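Predicted model only: the values in this text are computed from it and were never measured.
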Amino acid sequence: MLDVAGVKSLDDLYADVPEAVRLRRDYNLPEAMSEVELRNYFCSLAAQTPRLTCFAGAGWYDHYAPAVVQNIIQRSEFLTSYTPYQAEISQGTLHYIFEYQSMMAELTGMNISNASMYDGATATAEAAMMCVAAAKKANRVLISATVDPKVLRAVETYAHFHGIDLQVVPAKEGVTDLSTLNSQLSALNDVAGVIVQQPNYYGIVEDFTGVADAVHAQKALFVVNSVAADLAVLRTPAEWGADIAVGEAQSLGIPVSFGGHGLGYMCVNEKLMRKMPGRIVGLTRDNREQRAFVLTLQAREQHIRRQKATSNICSNQSLMALYVTIYMSLMGRKGLREAAELSYGGAHYLAEQLVQTGAFSFTFPDKPFFNEVCLTYKGSHSVDAIIGYCAEQGFLAGVKVEAPYNSPVGDVLMVAVTEQRTRGEIDTLVSIIKRFEEEQA
C-alpha cells in the first residue's frame, strides 16, 4: 500500500497531519475476551443503565412492535440501507420499498410516497426546499410556532444555507394563530409554502379548516407534519388539503433506543412527484409479463448534482422502511387503530388523574389532545424536580416543555401515553407524584 501511495513509511503517509493532533501513546484497548466473557461484559454495561417506564414523548414514542419484526429484518438479504440501482438483482429490496410506499400513501391519503428520509425533521426541511423549488420565484416559507422546536431548528438550518426566508407564524393559546397566518398570506406576495404540525408539539389536535384554500389562493404549497401512528385515527393530511405530508415514522413500532433510529416519511400529490428527494419504486412487467419492481419517475442524476441537486439525500433509511412495513403489515388497519385508541384513552385518564391531585392544571384547557398533553405545575417545587424524583422510582415522568417561539408558558410537564402503558403503571406514576408533593409540603 505504501508503494502504491508512493511513500516509504507511515510517518510519510501522515506527514500532512499536524503533530499537535497525533496520538503518541498506545491505544487504550482492553485485552481479548472469549465470547462468553464479551457477552457478560456487555450485559454488565447494560445493567448500569436503568430501564424506566416511559411517559415521555415530544416526538419520540414507546410503542409496541411484534417480536417477529426483529427476526425478519435480520435476514441477510435485508441488511442494507442503500437504494438499489440494479433492479435485475434487487427485486426483494425493491419489493418491500414498494410496499412501504403503498402503505404510507394509504396512511396519509396522499398519491405518492418516497422511500425515505433520515428523520421527521430533515423530511420537513426538505419539504420547505420543495416549496421554494416548485414556486421558482418565491422564496419565503411560513412555519407555525407550534411545530416541534427540534424540527423548527432543523428547518431553520436548511433555510439559512439555501437562501430561504423562513418566517414563524405565532402561536395563540397553544395553536397556530390563523388570523395572523391569513394576514401574512394576504400581505406577502412571495410565500412558497406553509408548514404546520398535527397534532402539534403540545399534543393539541388543531383545526386547519380553510387553511389549504388560503394557502393555495396565494399559489403556495401546504405542508402538514404528523406523527405517523396518529394518522390511524386522525384526519389525514390529504383530508386537510395538504400538498406535502411529512413527519416521523418512529411511532410505527421502531424502538426508542435512546433517541434513534428514526424514519422520515414524505408523501406528495401527483404534481410534485418528480420533485421529491429520495427514491420512488414502481411496479411494472418484464419481457416475460412477470411482475417486476424498478426505480421510477426520477433520474439518479437529479440527486447528485451538488448545489443543483433536487436533494442531497440520495440514499434512504431502507432498513427502517422495511421495519415499519413489516410492522404495519402485521398490525393491519385494525391493530393500528386499536393501538391509537388505547394511547388516546390512557393519556386522557392520566391527565385527569394528575389534575385531580391539585398539583397540575391543563396548560391549554378546552383544547383537544390525542395521546400527549401539557400540564402546568402548580406545586411548591419544579418540573425538573418531579422528573428527577420519578426517575429515581423507575419512571420517566414526561418532558419539560420548551416554550412556544418567543413566548414563555411557565413550568409545564408534557406527558405521553402509548398502548404499552397499563392502567397500573399510570396509577403508580400518579401515586409517586402525590408522594413527591407530600414530601415537599
Side-chain angles (χ1 to χ4, degrees), residues 57-61 63 100-101 103-114 116-128 130-131 143-152 154-155 169 174-176 193-209 211-212 215 221-254 262-269 272 276 320-321 324 327-328 331 333 336-337 339-341 343-344 347 367-373 414 416 418:
W60 221 251
Y61 303 95
H63 284 283
Y100 163 82
Q101 292 171 176
M103 293 179 187
M104 292 309 301
E106 184 173 350
L107 191 64
T108 60
M110 306 297 287
N111 302 116
I112 307 291
S113 168
N114 75 356
S116 48
M117 312 299 290
Y118 297 142
D119 54 33
T122 53
T124 309
E126 291 282 348
M130 281 183 64
C131 291
I143 185 168
S144 173
T146 64
V147 168
D148 187 325
K150 301 183 292 296
V151 175
L152 180 54
V155 178
V169 181
V175 298
T176 308
V194 174
I195 302 173
V196 298
Q197 183 171 319
Q198 179 75 310
N200 69 23
Y201 172 64
Y202 308 108
I204 298 172
V205 180
E206 296 200 35
D207 184 359
F208 294 122
T209 302
V211 174
V215 172
L221 298 179
F222 186 38
V223 181
V224 177
N225 175 302
S226 299
V227 173
D230 298 354
L231 298 178
V233 293
L234 295 180
R235 185 180 295 185
T236 66
E239 290 174 311
W240 288 117
D243 302 287
I244 305 174
V246 294
E248 180 57 62
Q250 177 274 332
S251 59
L252 296 176
I254 297 176
L263 172 67
Y265 71 86
M266 175 180 280
C267 303
V268 302
N269 57 33
L272 296 171
M276 296 178 77
M320 293 299 98
V324 303
Y327 171 84
M328 286 190 286
M331 296 289 285
R333 292 187 183 89
L336 289 173
R337 186 175 185 87
E341 290 173 345
S343 301
Y344 174 92
K367 291 290 191 298
F369 63 93
F370 185 58
N371 73 316
E372 195 163 25
V373 62
M414 182 161 61
T418 69

Q: Determine the minimum heavy-atom distance between Leu252 and Met328, stating which atoms define it.
A: CD1-SD, 3.8 Å
Q | Student check: side-chain heavy atoms of Phe208 and Pro237 closer than 4.5 Å | A | no
Q.
Minimum heavy-atom separation for Asn200 and Gly174, please, with both atom names.
A. ND2-O, 2.8 Å
Q: Evaluate side chain to side chain contact (heavy atoms under 4.5 Å, CB included) for Asn225 paired with Val151, printing each intermediate quantity in order.
A: CA-CA 10 Å; Asn225 175 302; Val151 175; 4.3 Å; yes
Q) Just by modelled atom types, is the Ile112 backbone N or O under 3.5 Å from a matching donor or acceptor in the Gln101 side chain? A) no
Q.
side chain to side chain contact (heavy atoms under 4.5 Å, CB included), that's the test. Do Leu234 and Ser226 meet it? Break it down for me.
A. CA-CA 10 Å; Leu234 295 180; Ser226 299; over 6 Å; no
Q.
For the CG atom of Asn114 and the CE atom of Met104, what is their distance to the nearest 0.5 Å?
A. 9.5 Å
Q) Just wondering, do Tyr202 and Lys367 contact through their side chains at under 4.5 Å, heavy atoms? A) no
Q) Yes or no on side chain to side chain contact (heavy atoms under 4.5 Å, CB included) for Leu221 and Met130, after CA distance, side-chain angles and deciding distance? A) CA-CA 9 Å; Leu221 298 179; Met130 281 183 64; 5.7 Å; no
Q: Kindly compute the distance separating CG (Leu231) from CD (Glu239), expressed to the nearest 0.5 Å.
A: 9.5 Å
Q. Considering residues, nucleotides and ligands other than Phe370, do more than 12 of their heavy atoms fall under 6.0 Å from its CZ?
A. yes
Q: Using a 4.5 Å cut-off on heavy atoms from C-beta on, say whether the side chain of Glu248 contacts that of Asp148.
A: no
**Q.** Test item: Ser113 and Thr108 side chains (from C-beta on) under 4.5 Å apart, heavy atoms
**A.** no
Q. At their closest point, which heavy atom of Leu107 faces which heavy atom of Ala228, and how far apart are they?
A. CD2-O, 3.5 Å
Q. Would you say the side chain of Val324 lies within less than 4.5 Å of the side chain of Ile254, judging by non-hydrogen atoms?
A. yes
Q: Quick one: pull up OH in Tyr327 and CE in Met103 and give me the separation to the nearest 0.5 Å.
A: 12.5 Å
Q: Report yes if some heavy atom in the side chain of Gln198 is under 4.5 Å from a heavy atom in the side chain of Val205; otherwise report no.
A: yes
(Q) Nearest 0.5 angstrom please: Leu272 CG to Cys267 SG, how far? (A) 12.0 Å
Q.
Could you check whether any side-chain heavy atom of Tyr61 comes within less than 4.5 Å of a side-chain heavy atom of Asp230, counting everything from C-beta outward?
A. no
**Q.** Shortest non-hydrogen separation from Ile244 to Cys131 and the atoms involved
**A.** CD1-SG, 4.3 Å
**Q.** Side chains of Phe222 and Asp243 in contact at under 4.5 Å (non-hydrogen atoms)
**A.** yes
**Q.** Check: Glu372 side chain, Ala58 main-chain N or O, donor-acceptor pair, under 3.5 Å
**A.** yes
Q.
Please find the pair of heavy atoms, one from Val215 and one from Val194, that lie closest to each other, and give the distance.
A. CG2-CG2, 3.7 Å
Q) To the nearest 0.5 Å, how far apart are CE in Met117 and CD in Glu126? A) 4.0 Å
Q: Heavy atoms only: give me the nearest Val147-Leu152 pair and the separation to one decimal.
A: CG1-N, 4.2 Å
Q) About how many Å separate CE of Met414 and CZ of Phe369, when rounded to the nearest 0.5 Å? A) 12.5 Å
Q: For Tyr265 and Val246, indicate whether the former's side chain and the latter's backbone hold a donor-acceptor pair under 3.5 Å.
A: yes
